[in-house]
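Report on the structure given below.
In the text below, chain A, chain B and the rest are named by the order of the sequence lines, each starting its count at 1. Since the structure is predicted, the reported quantities are computational estimates derived from the model, not experimental observations.
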Amino acid sequence: MELNRPPAVRRLSTASPVTARPPRTEAPTLVNGNGNGNGNGNGAGTVNGAGQTSSFVGARRPDRASVPTIDRMAVEQVSIAYGSKLAVKEVSLPIRQGEVLALIGPSGCGKTTLLRSLNRLTELTKTASLTGQITLDGTDITTLEPTALRRRVTMVFQQPNPFPMSVFDNVAYVLRDQAKRRPRRESLRPEVETALARAGLLDEVADNLDHPALRLSGGQQQRLCIARALAAQPEVLLLDEPCSALDPRSTAVIEDLVVKLREQVAVVIVTHNLQQAYRIADHVGFMYLGELVEYASATALFGSPRQQRTKDYVSGAFG
Amino acid sequence: MSDATIGGGVQPITPAPPSTPPRQRQSASGSSSAWRLTDRLGLAFAWFLGLLFCAITAAIVIFLVVQGIRFLRPYMLWTNPKVSYTQSGSGGFFDPMIGTFIVAAIAIGIAGPVGVGVAVWLSEYARPAGLARAVESTVEMLAGAPSVVLALFGILLFESTVFAPLSYTSGGVVFGKSFFAAGAILSLVALPYVVSSVREGLQAIPNHVREASYAVGKTKIATIRRVLLPAARPSVITGYMLGIGHVIGDTAIIVLLLGDTETFQGVGHVPILGILRGTGSTLTSYIFDNAPTGDLNQPNKAYAAALVLLLIVLGLNLIVDVFGRRSKELLWS
């Protein structure tokens, strides 16, 4: 489970003002035995007090096979500004296939901006500017066509947003050339069904692929959005708080799905929900005021955070 | 007053005996007897106004329906107007009815695509900002312009050599009147309705839906064609229907630009083109002429035609209603 710590961490740690403090080591003793087996770590609301870690550490995490990791993207010294306001400050991170990277932090800390910069969606905002470099399989993403990049790095949003068409067409839309209508519906069927199956939705919708997608339940809609994002056969899947509009059961389904998907694609998930990050992430980046304060494996970041700000945040002292 | 108010305000709230089930919630009108006098007067005034408007509308509709049913005969729907001094001899309004459909088709045929295009540009591009503002105020100005003014401009336009082939010519004289001319200028009447409806529909689509399309590598054009316009389809249809409703209700442009000849007066020998280049009338101009104050003064025919026109407009409103409701049905949270 313990994966290699990336070289970037050291550089970030020294850049951050709080880093003079030596890493703490006593944390593992604070882990409480909240292993009630159902994985619903509702302990986030209870603040254990400063200096303690979260009560959900030690709770059940979805079963996960150890998967070989492949470096997909590298974020190097990336700063993003909206006008003169700096939203992301000199962040460096690796994004690997075979693991789920969770970005956590309070609202407005730049985690969503960072996520959107990975497939250049930030460019849709006129005032946004980016310095530093993001590479995908070694290629600077600014040298790629945005449309080509966004097929390799696809994204799922906070609100389920299926297109106002049938379930089938939602997925087929991605497979078709830009504005073309239909290059043979039947020829697309296998690919559409594969994508739906990978998103764990096929069994539920197999009989009514022609039903309007907006009639599905919220959780199904969000899995359809994941299927849509997977249909492009991406290398990286970006998830921006994909469960925040969903009920707990749908959330659990999507979390299991995300853990499974990491074997085939690199997954980056932004979440407000610390328990969720703990449950599904392999590595976690904690962002605060645009800085990447700490990047570590999920068990390390939640169990023994090295930065005081991380510790305060994951223990519920602020956020 | 104060005694009554206070007493009235307090007394109805008597707690039910604990053993009996709770009383049913009183309706708003039932409980208003406990209100203050000014509130009761206000409520009564609101009721009065509401009923008054219903009564006025009902009076118009009932008057038209009664008069229409009295005078409308089936033969009128397929008989052309004839010149006669008696109401029984003056025929029906087949040509005016077809005329209404022709102008509506031409007008919406122009205003539809143009309006959707303008709305898409305003909603999705709108750069440079100055031009967007200018287009916006132009559309607003069109919506506010009296149709007579537009008609005057239309006559100038279609008398000019460029557009002369599209208008009624007789003995080398260009009259600047034709179905083309009327339809083209009527499209300006319909345009603002199409633009504002489609634009509203597009702006109701949350931004994350657009981004979802970009995020799977689609271009802006593909997103507009395959996601946004299909999502806004109910608004497009609503805009079309509102536009048509105003087109078929317009009289000034028809009288000035269609020539107001009771039957079609074609030009040349090409079958359909000849009619479109020629003059004619619509239900509105037919009613205008046959009204008790009109040139022809055949009020029975006017009432019959008015009923037909009213039914067409009510039908269009029904379509708008259905699609308006459907557009609210399927939305993103």
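In this structure, the separation between CZ on R228(A) and OG on S213(B) is 8.0 Å, given to the nearest 0.5 Å. Of the inter-residue distances, the one linking K218(B) atom NZ with R151(A) atom CZ reads 6.0 Å to the nearest 0.5 angstrom. Considering CD of E145(A) and OG1 of T219(B), their distance stands at 10.5 Å, rounded to 0.5 Å. The line from OG1 of T223(B) to CZ of F163(A) is 7.0 Å long, rounded to the nearest 0.5 Å.
Residue-environment remark: OH (Y125(B)) exceeds the threshold of 12 foreign heavy atoms within 6.0 Å. Counted within 6.0 Å of NZ on K260(A), heavy atoms from surrounding residues, nucleotides or ligands total 12 or fewer; the atom is thus considered open.
In terms of heavy atoms, F157(A) sits closest to A212(B) at CE1-CA, 3.3 Å.
Contact annotation for P162(A): both backbone and side-chain heavy atoms come within less than 4.5 Å of a heavy atom of chain B.
F158(B) pairs by the ring pair (Phe, Tyr, Trp, His ring centres under 6.0 Å) definition with F163(B), not counting sequence neighbours.
Within the structure, the ring pair (Phe, Tyr, Trp, His ring centres under 6.0 Å) test picks out the following pairs touching residues 178-197 of chain B (sequence neighbours left out): F179(B)-F264(B), Y193(B)-H246(B). Among residues at least two apart or in separate chains, salt bridge (charged side-chain N to carboxylate O under 4.0 Å, His left out) pairs with a member in residues 117-135 of chain B are E124(B)-R210(B).
Within residues 113-130 of chain A, the residues having any heavy atom closer than 4.5 Å to a heavy atom of chain B are R116(A), N119(A), L121(A), L124(A), K126(A), listed by residue number.
In this structure, the side chains of Y173(A) and V227(B) come closer than 4.5 Å at one or more pairs of heavy atoms. The shortest side-chain heavy-atom distance between N161(A) and E211(B) does not fall under the 4.5 Å cut-off.
Counting heavy-atom pairs under 4.5 Å between each of V153(A), V174(A), T154(A) and chain B puts V174(A) at the top.
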